[in-house]
Amino acid sequence: MQPKLKEKRWDKAKEQLLLGLWEKEKLYKFRPGRKIFSIDTPPPYPSGRPWHIGAAAHYSQIDMIARTARMQGFSVYFPIGIDRNGLPVELYTERKYGIHLQDVSREEFIKLCRSSLDDLEAEMLEIMRKMGLSCDFQNYYRTDSDEYRALTQQTFIWLWEKGLIYEDTRPNNYCFDCGTTLADAEVIYEERPTWLVYIKFRVKETGEDILIATTRPELLCACQAVAVNPQDSRYNHLPGKHAVLPLYGREVQIIAHPVAKPEFGSGIVMICSYGDYTDVRLFRELGLPEIIAINPEGKLTHVAGPYAGMRIEEARKQIIKDLEELGLVEKKEKLMHRTPLCERSKTPIEIIPMREWYLKQTDFLEEMRKIAEELEWHPSASKQLLLNWINSVTLDWPVSRRRYYGTEIPIWYCKSCGKPNLPKPGKYWKPWCEDPPFSACQHCGSRAGFEGETRTFDTWMDSSISPLFTSRKDRKLYPITLRPQGKDIVRTWLYYTLLRCWQLTGKSPFKKVWIMGYGVDEHGQKMSKSKGNVIDPIPILEKLGADAFRFWSATEASLGSDFRCSEARIQAASKFLTKLWNVSRFISAFPEKKAQKLEPLDSWILSELDKLIKECMRGYEELNFFVPSNAIRDWVWNIFAPHYLELVKPRAYSEDPSACFTMHYCLRALLELLAPICPFITDYIYRELYGKSVHLELFPKPAKHRTQINTEELIELNSRIWKEKKERGLSLKAEIQEMVLPENLAVIQDDLKAAHNVKSLRLGKELEIKFG
RNA sequence: GGGCCGGUGGUCUAAUGGUAGGACGCUGCCCUUACGAGGCAGAGGUUCCAGGUUCGAGUCCUGGCCGGCCCACCA
């Protein structure tokens with residue numbers, strides 16, 4: 001026996017060699033054809049090591065989508081970009097250099113961010129290349145390039161002209177750490193402990209004390225009303241009267257309002273500007289004048305009296321202490337409170353009024369729901385994630401940010417009338433450091449000069465036009481075929497892309513959406529640096545190779561579910577590569593032949609192969625790689641290798657045409673079926689044995705092979721024989737003197753006789769074995 | 001409070017209403033000429049609970065319980 005594949009196992013070092021070949025041959029170059037499959041690849045954000053192992057798995061699966069589409073006969077447009085705008089890199093840069101944005105000039109800060117990004121980006125591209133991603137690395141784009149930012153600004157100007165942009169001062173989420181307004185989509189919630197403090201207020205008219213429970217005693221100075229529930233019989237007499245704020249002595253009205261829940265706290269609630277969005281709503285509903293108690297530095301304002309200038313936490317502690325000393329605190333309860341945090345910095349946000357630019361979105365919710373219904377979802381259940389979010393949108397999208405590393409808002413304000421002037425679209429504008437391309441105000445005609453806008457856009461303004469950017473050179477690519485993404489950014493990237501592209505083009509930006517779950521740790525816990533359960537994928541990739549990693553990713557969880565990450569499981573998955581290699585190695589010892597007529601055993605395995613192909617195609621159609629990867633593993637390990645190959649061996653050694661044909665036929669099909677998931681090992685074997693790249697092939701089609709053999713019966717028969725030999729302490733090739741073979745399996749009696757070393761065989765009803 | 005997803009051997013995961021499979025781990029045996037990073041065999045399950053529909057339920061329905069995520073005005 002002389003196998004063409006010499007080595008005893010797959011060597012992952014060969015992956016490098018293949019990468020070189022693929023690049024040299026330009027194997028994955030986009031060649032526009034009749035059937036185009038385009039992918040709105042998520043531009044990864046290079047936020048530094050370790051790269052999340054779930055993200056690495058995510059990108060391997062996106063690559064599987066591209067490879068699947070190629071093998072289905074599509075021309076695949078698979079771009080790749082790097083997302084470089086916004087807060088994460090600013091925070092990274094601030095940490096890296098130990099500075100704060102305000103400490104250096106804007107030019108200097110931008111330079112530092114750019115250099116951080118360049119390092120991180122190079123590393124990230126290299127990992128993606130090594131994972132075998134078949135995207136267009138030669139033409140990768142950056143979301144902070146002049147061209148990309150010009151497009152973001154252009155789309156803003158278009159939306160402005162459509163009347164969808166307006167400026168307003170309203171209470172907004174504000175992160176003191178990042179120093180900017182945030183959209184609801186950038187706010188996350190976390191249960192954090194806090195004190196629920198019961199404070200005594202005096203009722204002016206009756207002189208009685210009432211108790212008010214609050215988690216925000218420092219906002220006492222911003223209280224404009226006190227509410228009780230109209231159904232609450234304890235407090236029926238209070239509405240219409242006035243409560244006197246302790247410490248401040250100011251009087252506020254007591255109202256009846258269902259917002260006060262009788263069962264919570266004392267049943268009486270104070271309404272302040274602004275403890276939460278209930279307060280915002282009530283201030284608007286009741287027409288209360290707002291009192292600004294917190295300034296943009298996160299400190300109490302002059303209205304707080306003795307607490308002015310203190311930070312929020314400090315003021316809270318102090319006011320509780322003061323109230324306690326005056327005997328005005330009845331009791332304190334520890335409470336887990338759902339605290340709103342800045343998604344990036346994890347700092348609690350405050351609601352403070354700021355003047356910002358808004359993009360209308362509440363007028364478009366009906367259209368968004370319609371698009372959600374029309375999209376093809378993989379898996380179908382993920383549609384609900386988007387609908388949930390759409391149903392919770394109540395305010396327009398604030399798009400201006402008080403940060404530096406982002407796309408500039410292209411506006412200049414007239415120094416005379418103060419009104420905004422926008423440039424013509426098409427160029428990348430930097431109003432904070434450049435003169436406007438016009439000299440007279442479009443509104444008042446004044447030539448008094450202009451003040452450039454200093455703010456930048458929310459980065460989702462950039463990210464949400466990725467389908468427009470990647471299709472910019474060929475409009476036929478729009479709408480994009482498929483958007484793949486993680487379920488954690490449904491409310492941001494997915495929602496905003498649908499919104500913006502709909503507003504700009506009147507079309508859905510893509511036809512299909514593919515949503516993957518999170519990578520969690522081996523106990524099902526979310527990975528986080530603070531828990532110390534983060535797994536760095538890079539050492540694992542280096543140790544076990546990209547194919548092992550990719551195969552693990554495919555087999556680990558069904559599409560859309562969260563998947564557990566552990567090196568042990570990846571290691572375990574890699575065993576299959578050894579198995580596949582050795583099956584191929586065995587077959588590689590025999591010539592590929594044509595067969596005039598197939599032996600019954602060969603027809604049987606080919607009919608089993610038909611079933612496997614159908615099952616794999618079902619998975620590939622759904623873009624659920626869990627299905628084909630598990631089906632292939634199961635088939636190879638439990639049917640093909642132990643039952644078919646073992647029985648065909650005697651004929652194989654004599655180079656029987658039917659056997660040689662069938663083994664190679666199966667192997668080719670297997671390699672083709674697995675190619676999207678494990679592109680390295682399959683291509684290596686395919687090239688060695690069949691002289692061409694598997695990645696230029698199409699998926700195999702199921703034929704209609706007929707067989708009389710019942711697979712279960714055959715497997716059971718083999719197992720019985722092996723078991724009997726075992727129990728007698730015999731070697732598996734020990735001779736069987738006499739065997740009665742069930743008639744159903746008569747057609748393969750010669751194969752069985754040879755494989756099990758049977759001296760004399762006759763047919764009967766049930767299996768009987770006699771040893772010498 | 002609402003929504004979505006899930007609850008299957010120690011762990012993880014499958015199963016168009018038709019005998020509950022597989023992987024990892026575990027135990028025992030085997031240097032069998034593709035594979036010891038292997039092979040073979042084996043132990044281990046009232047499929048979360050209670051009802052219902054059905055000839056038949058892990059699967060469908062109802063109601064619980066538990067977990068995860070998302071959303072919502074518990075200050």
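Proteins get letters first, then strands, A, B, ... in listed order; numbering begins at 1 in each.
- A:T278 and A:D276 share a side-chain donor-acceptor pair at under 3.5 Å.
- Atom C1' of B:rA15 sits at a distance of 10 Å from the matching atom of B:rU8, rounded to the whole Å.
- A sub-4.0 Å separation between OP1 or OP2 of B:rA37 and a side-chain N or O of A:R9 is present.
- In this structure, A:S719 reaches the B:rA41 phosphate: one of its side-chain N or O atoms is under 4.0 Å from OP1 or OP2.
- Between B:rU16 and B:rC40, the two C1' atoms lie 34 Å apart (nearest whole Å).
- Among the atoms of the strands shown, only primed sugar atoms or phosphate atoms (P, OP1, OP2) are found under 4.0 Å from some heavy atom of A:W389.
- Of the two residues near RNA chain B, A:D279 and A:V187, the one whose nearest nucleotide lies more 5' is A:V187.
- For the pair A:I268 and A:R564, both in contact range of RNA chain B, the more 5′-proximal nearest nucleotide belongs to A:R564.
- The P atoms of B:rG58 and B:rG7 are separated by 14 Å, rounded to the nearest whole Å.
- Across all strands, A:A213 comes closer than 4.0 Å to base atoms (heavy-atom distances).
- Ring centroids of A:W460 and A:Y495 are separated by 6.0 Å or more, keeping the two rings apart.
- Under 3.5 Å, the side chain of A:K579 and the base of B:rC35 form at least one donor-acceptor pair of N or O atoms.
- Nucleic acid contact for A:S382: none, since no nucleic acid atom lies under 4.0 Å from a heavy atom of the residue.
- One C1' atom belongs to B:rG38, the other to B:rA50, and the distance between them is 48 Å to the nearest Å.
- Other residues, nucleotides and ligands contribute over 12 non-hydrogen atoms within 6.0 Å of the NZ atom of A:K332.
- One P atom belongs to B:rU13, the other to B:rG6, and the distance between them is 12 Å to the nearest Å.
- Remark: the A:E7 side chain and the B:rA34 base include no donor-acceptor N/O pair separated by less than 3.5 Å.
- Applying the 3.5 Å distance criterion, the base of B:rC29 shares a donor-acceptor pair with the side chain of A:K726.
- Across every strand in view, B:rC69 sits in a pair with B:rG3 that passes the Watson-Crick or G-U test at under 3.5 angstrom.
- Remark: B:rU8 base-pairs with no nucleotide in the shown strands. Criterion, Watson-Crick or G-U wobble with two distances under 3.5 Å.
- Using Watson-Crick or G-U wobble geometry with both donor-acceptor distances under 3.5 Å, B:rA20 finds no partner in any strand shown.
- Using a distance-only test at 3.5 Å, with no hydrogens or angles considered, a donor-acceptor pair links the side chain of A:N391 to the main chain of A:L387.
- Using P as the reference atom, B:rA57 and B:rU19 are 12 Å apart when rounded to the nearest Å.
- Here the separation of B:rG64 from B:rG45, taken at their P atoms, is 32 Å to the nearest Å.
- A:S553 places no side-chain N or O within donor-acceptor distance of the main-chain N or O of A:F549, the cut-off being under 3.5 Å.
- If you check B:rG44 for Watson-Crick or wobble pairing at under 3.5 angstrom, you find it has no partner at all.
- For B:rG51 and B:rA14, the P atoms lie 28 Å apart once the distance is rounded to whole Å.
- A cation-pi arrangement is absent between A:R633 and A:F576 under the rule of less than 6.0 angstrom and at most 45 degrees off the ring axis.
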